[in-house]
Asker: 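First, the structure itself, so that you have it in front of you.
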Amino acid sequence: MINDGFRDSSEDERRAEIIARLRDLYPGTARELCELDFSTPFQLLAATILSAQCTDKRVNMVTPKLFESYGTPTLLASADIVDVEEIIKSTGFYHNKAKNLIAMARSVLEGGGELPNEMEGLSSLAGVGRKTANVVLSVAFDKPGLPVDTHVMRLSKLLGFTTLSDPVKIELELNEMVPPRDRGALSLRMILHGRAVCVARKPRCHACALADLCPAFIALAKD
DNA sequence: ATCCCGAGGG
DNA sequence: CCCTCTGGAT
């Protein structure tokens, strides 16, 4: 097999076919594929902070009430932390999340009240890491950004997109597989597939449209 | 018992 | 690298 430091071309084709099938399975833009409810970039950021170790459905149950009282940087910055904690309690990690939400709103205000629209500014906000920043970039600002969460990490390994475990390195590897404008949607598609089909505990390989291209399934089926 | 669109701190 | 933070769903 020819591989002089370049990737095998059949491997490139396999990956491209997986990406094409994911696009057919979950069509739409990052904005359309995102299942968090929000009406401003600031609200998406707040919802994404809440989504840590929690389902989107659960986040969407608490954000209407949260945004009713604290839907803007100004309102959230001066919120009573106990009140915020009570509203978001069911999303888990609620002490940290309430503290982070209020601190985040205050740092937005200190920065002039406008949410940053690049990685540097976003990830410098309290409680905002690279994954959350990439969600806001791709979904709210329609910019290149490829959030690597637990699903993207798991599927990237199973599908043979990476052998690494560092989410930043995986992000850079995945970046090379799609044009910039498709990065956010690829992440969302892997997340949706990870939730519905390639489930962490019990992958539904029999129902998976990618199984014939999946090294993990092929290895499993080989006996 | 294990997992859910993580981030901060040691 | 590790640990902690947390409730809800399966």
Side-chain angles (χ1 to χ4, degrees), chain A residues 22 25-26 28-38 41 43-63 65-66 81-82 84-108 116 119-141 143-159 161 164-171 174-175 182-204:
Chain A
L22 283 171
L25 253 22
Y26 313 99
T29 62
R31 175 69 188 87
E32 291 162 348
L33 292 167
C34 178
E35 295 186 348
L36 292 170
D37 296 334
F38 66 96
Q43 291 184 2
L44 173 64
L45 176 51
T48 307
I49 288 173
L50 292 178
S51 75
Q53 297 299 302
C54 174
T55 60
D56 287 2
K57 191 183 297 181
R58 173 63 51 186
V59 173
N60 290 336
M61 288 185 215
V62 310
T63 45
K65 186 170 183 186
L66 180 69
I81 188 164
V82 177
V84 174
E85 285 183 354
E86 281 173 14
I87 295 171
I88 69 169
K89 186 162 183 131
S90 70
T91 66
F93 296 162
Y94 62 93
H95 291 300
N96 283 340
K97 287 177 180 176
K99 197 194 314 166
N100 285 338
L101 283 173
I102 293 171
M104 177 277 283
R106 289 179 180 165
S107 29
V108 170
M119 173 62 70
E120 283 280 307
L122 282 169
S123 52
S124 71
L125 299 173
V128 181
R130 189 177 183 90
K131 180 258 165 181
T132 301
N134 271 323
V135 170
V136 174
L137 285 175
S138 57
V139 174
F141 293 122
K143 286 189 160 195
L146 206 159
V148 175
D149 75 324
T150 172
H151 295 292
V152 175
M153 176 103 74
R154 186 179 70 257
L155 267 69
S156 293
K157 291 182 178 185
L158 291 171
L159 290 169
F161 288 166
L164 306 175
S165 295
D166 177 357
V168 179
K169 290 179 182 170
I170 293 177
E171 178 187 327
L174 296 180
N175 278 347
D182 292 342
R183 286 175 186 162
L186 173 61
S187 171
L188 267 312
R189 287 173 185 134
M190 291 176 78
I191 289 167
L192 292 171
H193 198 68
R195 291 201 317 225
V197 182
C198 193
V199 181
R201 268 177 286 192
K202 195 175 182 297
R204 301 172 55 228

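A note on names: the letters A, B, ... follow the listed sequences, proteins ahead of strands, and every chain is numbered from 1.
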Asker: Regarding A:Val128, tell me which of base, sugar-phosphate or nothing describes its non-hydrogen contacts under 4.0 Å with the strands shown.
Answerer: sugar-phosphate
Asker: A:Asp166 has an atom CG; how far is it from atom P of B:dA7, in whole Å?
Answerer: 14 Å
Asker: Relative to the 5' end of DNA chain C, which residue comes earlier, A:Ala52 or A:Arg201, by the nucleotide with the nearest heavy atom?
Answerer: A:Ala52
Asker: Report the distance from atom CG of A:Leu50 to atom C1' of C:dC5, rounded to the nearest whole Å.
Answerer: 14 Å
Asker: Starting at atom CD1 of A:Ile49, determine the distance to atom P of B:dG8, rounded to an integer number of angstrom.
Answerer: 9 Å
Asker: When rounded to the nearest 0.5 angstrom, what distance separates CD1 in A:Ile49 from SG in A:Cys54?
Answerer: 13.0 Å
Asker: Think A:His95 has a side-chain N or O under 4.0 angstrom from the OP1 or OP2 of C:dC5?
Answerer: no
Asker: For A:Met61 and C:dG8, give me the distance from atom CE to atom P, rounded to whole Å.
Answerer: 10 Å
Asker: CG of A:Leu122 versus P of B:dA7: gap in Å, rounded?
Answerer: 12 Å
Asker: For the residue pair A:Lys131 and A:Thr48, confirm or rule out a side-chain donor-acceptor distance under 3.5 Å.
Answerer: no
Asker: Taking the nucleotide of DNA chain C with the nearest heavy atom to each, does A:Asn96 or A:Ser90 sit closer to the 5' end?
Answerer: A:Asn96
Asker: By the 4.0 Å heavy-atom rule, please label A:Leu188 as base, sugar-phosphate, or nothing.
Answerer: base
Asker: Heavy atoms under 4.0 Å, any strand shown: does A:Lys97 hit a base, just sugar-phosphate, or nothing?
Answerer: nothing
Asker: Between A:Arg58 and C:dA9, is there a side-chain N or O to OP1/OP2 distance below 4.0 Å?
Answerer: yes
Asker: With distance as the sole test, does A:Arg204 use its side chain to make a donor-acceptor pair with the main-chain N or O of A:Ala196 at under 3.5 Å?
Answerer: yes
Asker: To the nearest Å, give me how far apart CG (A:Asn60) and P (C:dG7) are.
Answerer: 20 Å
Asker: Between A:Leu125 and A:Leu33, which has a closest nucleotide on DNA chain B that is more 5'?
Answerer: A:Leu33
Asker: Using whole Å, report how far CD1 of A:Ile88 lies from C1' of B:dA7.
Answerer: 14 Å
Asker: To the side chain of A:Asp149, which of C:dA9, B:dC5, B:dC4 is closest?
Answerer: B:dC5
Asker: Can you check the distance between C:dC3 and B:dC5, where both ends of the measurement are the P atom (answer in whole Å)?
Answerer: 24 Å
Asker: If I take atom CD in residue A:Glu85 and atom P in nucleotide C:dG7, what distance separates them, rounded to the nearest angstrom?
Answerer: 11 Å
Asker: Looking at A:Thr150, does any N or O in its side chain come under 4.0 Å of the phosphate oxygens OP1/OP2 on B:dC4?
Answerer: yes
Asker: State plainly whether the residues A:Arg195 and A:Glu35 are in salt-bridge range, i.e. N to O under 4.0 Å.
Answerer: yes
Asker: Hey, which of these two, A:Val139 or A:Ser123, hits DNA chain B nearer its 5' end, going by closest nucleotide?
Answerer: A:Val139
Asker: Nearest to the side chain of A:Lys131, which nucleotide is it out of C:dT6, B:dG6, B:dC3?
Answerer: B:dG6
Asker: Out of B:dG6, B:dC5, C:dG7, which has the shortest distance to the side chain of A:Gln53?
Answerer: B:dG6
Asker: Has the side chain of A:Lys97 got a donor or acceptor atom that lies under 3.5 Å from a matching backbone atom of A:Ala46?
Answerer: no
Asker: Taking any heavy-atom pair under 4.0 Å as a contact, classify A:Phe93: base, sugar-phosphate, or nothing.
Answerer: base
Asker: Determine, step by step, whether A:Asp149 and A:Val135 satisfy the side-chain contact (heavy atoms from CB on, under 4.5 Å) criterion, reporting the C-alpha distance in whole Å, the side-chain angles of both residues, the deciding distance to 0.1 Å, and the verdict.
Answerer: CA-CA 10 Å; A:Asp149 75 324; A:Val135 170; over 6 Å; no
